Structures are given as C-alpha cells and as structure tokens.
Amino acid sequence: MEPTDVKISRKKPVFPVSAALQKYLKSYQRDSKLPITYNDLLMFNESYPIMDKNGKDTLWEGPIYPSDQLENLHNGLKVIYANLKASGNLRIVQHKYIDKIEYCTFGNTHPFRIRIVNRLNDVYDYFYVKKADASRIYGLEMEEILSPNQVNYLVDRETLIEEHIAGIPGDVFAKTYLYNPEYNQTRIAKEFVKFNERCLVMLLGDMRAYNFVVQITPDFDDIQFKIRAIDFDQQFYEGNVKVYLPQFFKENYPYVKLCMEELTDKTFLQYQQEEKSSILHRVRSERHRLADLRDVSNADVLTTVENTNTLKIGMAEHFADPNYLECKTMTDIIELNVKNIIRQVKL
C-alpha cells in the first residue's frame with residue numbers, strides 16, 4: 001500500500017449534459033428551473049483574494065457585483081436554496097439572507113460558494129453553484145446509488161447546484177486529529193479501506209486528502225468515523241488504475257501508514273469484503289436506477305478511447321481478470337466491477 005506519484009490530467013475537459021442525461025435527471029427529480037444561472041454569477045468586474053485566519057491565500061475570491069444586480073442575485077440564490085432543501089418551499093428562506101458569495105478559480109468547474117444565514121439565530125449553511133459537467137453529475141449519481149452516503153444536487157441546463165458536505169477536510173484531519181488518543185485508530189483505518197474499495201468499484205478518481213472529508217459522530221460507547229468524497233470531477237476519465245485507488249496518493253500516506261499499523265492482512269480483507277457486501281445490497285435495491293444510469297452513460301462520450309483502453313488493461317492486471325479486456329467503455333468497466341462483486345459475495 002505504498003503511495004506513489006500518481007499523475008492526473010490537469011485539464012480534464014468539461015463534458016456537456018446530453019439530452020439523454022437531462023431526461024434521466026428529470027426522471028429522478030434532479031432537474032429544476034432556477035432563477036439564477038452559473039453565468040449570472042460570473043457577471044462581476046472586480047474581486048478580492050480571500051485569506052484564511054493565518055493570512056494564507058485560500059484560492060477563493062470575493063466577487064464585487066454592481067449594486068443594481070445584487071438584490072436580484074441574492075433573491076434568486078435564496079430561491080435556489082429553497083429548491084435544494086425544501087422542494088421550492090420559500091418559507092424556509094423567509095428569515096434568511098445571503099451573507100457571502102465566493103468564487104474559486106482552482107479546479108475544473110470554477111465553483112461559487114454561497115453562505116446563507118438565518119437572521120433569527122445566526123445559524124448558517126453553504127451551497128455551491130457550478131458549471132454543469134456530465135462527469136461530475138455521473139459521479140454524484142454513482143455516490144448516491146453505490147455508496148452509503150446521500151447527495152443532494154440540482155441541474156438546470158449548464159448550471160449545477162450542490163449541497164455542502166460537512167466534515168473535516170482529509171488533509172486537516174491527518175495533521176490534527178488522526179492520532180488523537182480519544183479516537184480508536186482502527187476504526188479510522190477501517191473506513192479508509194472501505195473508502196479505497198468503493199472508489200475503485202465506482203471509478204471515482206483523484207481522491208487525494210483535500211478531496212474528501214472525515215465525519216466524526218459520537219456514539220454511546222465509542223466515536224464513529226466516515227470518509228466521504230466531496231469532489232466528483234474525476235469520475236471515470238483517467239486511464240491509470242492507481243488514480244482510482246486513494247492508497248496510491250502521497251497526500252494520503254498518513255492514512256496508509258495508519259492502516260499498516262492497525263490492520264492485519266486478515267482484517268484488511270475482512271473490511272474489503274464488508275464494503276463489497278454493502279455495495280451489493282445497494283445494487284439490489286437500486287437496480288432499476290443503476291440500469292437507467294448505465295444506459296445513459298454508455299451512450300455518452302466522457303473520456304478518450306486511449307484512456308479506456310489503458311484502464312481496461314490496468315484493471316485486467318489488477319484483478320487478474322481478462323474479462324476487463326472486452327470492455328468498450330468506462331461504464332462497461334464499472335458494470336463488470338459490480339458483476340464481479342455479485343459473484344464473489346455469492347461464493
């Protein structure tokens with residue numbers, strides 16, 4: 001499980017939302033007619049850098065909008081929040097106001113982060129407005145179907161709205177909390193193994209520590225941990241199999257080291273099998289939705305032929321399974337992953 005220097009394509013193209021994907025999104029209540037689009041939020045002429053509490057550049061900017069546009073933007077963003085959280089019921093934003101609009105030029109989808117505050121008690125929440133990218137949408141759907149996590153998002157043509165996923169960023173957790181004496185390190189290691197397995201099955205790439213969060217939940221007799229992806233831009237695009245295994249990123253070495261310290265080969269295999277069994281249960285309960293998603297994604301062009309060919313060879317070697325060489329698309333590879341889990345769990 002030693003990390004290596006895995007290369008990622010820095011300029012993955014943004015893939016448009018096809019008519020078939022739009023139809024799928026409508027079928028599963030993911031589409032919405034929004035009053036404000038991503039392009040509307042781009043209508044600013046100036047911005048200022050946003051620094052963290054230590055004076056370090058966060059790579060986020062504060063856009064400055066013309067005063068005559070601001071009220072319209074804020075009202076539209078409140079409606080979007082109501083659509084995201086309450087199926088459009090505007091009562092939930094009756095006492096809320098938009099506190100911040102922040103823009104990030106780092107990453108593929110150049111997101112806007114919106115902070116909305118309840119003026120009655122100062123409780124705040126975040127949500128994101130992004131350029132709709134088919135890769136990311138497929139990643140969100142795979143997360144919804146095959147992982148234990150629910151994701152909340154809406155799409156309106158070229159605009160993607162995402163709910164904020166709360167948690168401690170993986171790199172911050174590794175530096176600050178990983179060896180907290182109050183925490184059971186074996187539980188953390190177990191979750192990393194399961195997360196690693198899930199990413200490979202779903203072909204979710206680039207899960208370096210700053211692209212996932214760790215959620216901490218106190219239980220009656222111990223503390224539970226969950227590792228959740230927060231970035232889905234690299235859904236089945238890259239050809240290198242190691243891109244889909246978080247264990248190979250040097251940024252994740254603290255977690256890999258913890259696994260080597262806390263787990264034996266037997267427990268490692270046990271946790272892998274537990275995750276496969278969980279995926280199988282979810283496949284069975286969501287088989288119709290998964291089939292619909294497969295049919296739509298198989299008709300989309302979401303990577304290069306070269307990447308697909310490279311990955312199927314890598315998967316065939318990784319699993320010692322020549323059946324991967326027959327795959328024609330990234331979707332075929334995921335489908336074979338799932339079929340192999342079904343066969344293994346039944347054994």
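From a predicted model like this one, the values you see are computed outputs, not experimental measurements. Positions are given from 1 along the sequence.
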- So, do Leu325 and Ile313 sit near enough that their side-chain heavy atoms are less than 4.5 Å apart? yes
- Query: Which of parallel (below 30°), tilted (30 to 60°) and perpendicular (above 60°) describes Phe44 and Phe112?
  - Reply: perpendicular
- Query: Do other residues, nucleotides or ligands put more than 12 heavy atoms under 6.0 Å from the OH atom of Tyr126?
  - Reply: yes
- Within a reach of under 6.0 Å around CD of Glu71, are more than 12 heavy atoms found that belong to other residues, nucleotides or ligands? no
- Please determine if Arg294 and Asp332 form a salt bridge, counting it only when a charged side-chain N lies under 4.0 Å from a carboxylate O. no
- Query: Do Thr310 and Asn240 touch side chain to side chain, with heavy atoms closer than 4.5 Å?
  - Reply: no
- Query: Just checking, Arg115 and Tyr124: is the charged tip under 6.0 Å from the six-membered ring centre and within 45° of the axis?
  - Reply: yes
- Query: If we ignore angles and hydrogens, is there a donor and acceptor under 3.5 Å between the side chains of Thr37 and Asp40?
  - Reply: yes
- For atom CD of Glu158, is the number of surrounding heavy atoms from other residues, nucleotides or ligands below 6.0 Å larger than 12? no
- Are side-chain heavy atoms of Leu41 and Tyr65 found at a separation under 4.5 Å? yes
- Note on the structure: Output for pair (Lys328 NZ, Thr308 OG1), nearest 0.5 Å, gives 12.0 Å
- Query: Can you name the closest pair of heavy atoms from Ala132 and Leu160 and give their distance?
  - Reply: CA-CB, 3.9 Å
- Note on the structure: The single option from Glu141, Glu162, Lys130, Glu143 that satisfies side-chain hydrogen bond (donor to acceptor under 3.5 Å, both in side chains) with Tyr153 is Glu141
- Could you tell me the separation between the CZ atom of Arg136 and the CZ atom of Phe15, rounded to the nearest 0.5 Å? 14.5 Å
- For the residue pair Ser47 and Pro63, what are the closest heavy atoms and their distance? CB-CA, 3.9 Å
- Any Lys/Arg nitrogen of Glu317 or Lys242 sitting under 4.0 Å from an Asp/Glu carboxylate oxygen of the other? no
- Item | Test: Lys12 and Asp233 ion pair at under 4.0 Å | no
- Item | NZ/Lys226: more than 12 non-hydrogen atoms of other groups inside 6.0 Å | yes
- Might you point out which heavy atoms bring Leu84 and Asn152 nearest each other, and give the distance in Å? O-ND2, 2.9 Å
- Are side-chain heavy atoms of Phe225 and Ile216 found at a separation under 4.5 Å? yes
- Message: Any carboxylate oxygen within less than 4.0 angstrom of a Lys/Arg side-chain nitrogen, looking at Arg187 and Glu191?
- Response: no
- Under 3.5 Å, is there a donor-acceptor pair linking the side chains of Tyr38 and Asp156? no
- Query: Taking all non-hydrogen atoms of both residues, which atom of Gln69 and which atom of Met43 are closest, and how far apart?
  - Reply: OE1-O, 3.5 Å
- Query: Are Lys96 and Asp125 close enough for a salt bridge, meaning some N to O gap below 4.0 Å?
  - Reply: no
- Query: Is there side-chain contact between Met330 and Leu302, with at least one heavy-atom pair below 4.5 Å?
  - Reply: no
- Would you indicate whether the side-chain heavy atoms of Tyr210 and Asp231 approach each other to under 4.5 Å? no
- Message: Donor-acceptor pair, distance only, cut-off 3.5 Å: does the side chain of Gln29 make one with the backbone of Ser27?
- Response: yes
- Item | Evaluation steps, side-chain contact (heavy atoms from CB on, under 4.5 Å), between Val129 and Leu77 | CA-CA 9 Å; Val129 182; Leu77 288 169; 4.2 Å; yes
- Message: Quick one about Asn54 and Asp52 (side-chain donor to acceptor, distance below 3.5 Å, no hydrogens or angles considered), yes or no?
- Response: no
- Query: Ring centroid separation for Phe212 and Tyr255, is it under 6.0 angstrom?
  - Reply: yes
- Task: Could you tell me whether the side chains of Gln235 and Ser135 share a donor-acceptor contact shorter than 3.5 Å?
- Result: no
- Under 4.0 Å between a Lys/Arg side-chain N and an Asp/Glu carboxylate O for Arg208 and Asp206? yes
- If you round to the nearest 0.5 Å, how far is CZ of Phe236 from OH of Tyr244? 9.0 Å
- Message: Within the structure provided, determine whether Asn340 and Phe319 are in side-chain contact (heavy-atom separation under 4.5 Å).
- Response: no
- Item | Flag side-chain contact, heavy atom, 4.5 Å: His74 against Tyr97 | no
- Heavy-atom closest pair, residues Glu251 and Ala209: O-CB, 3.7 Å
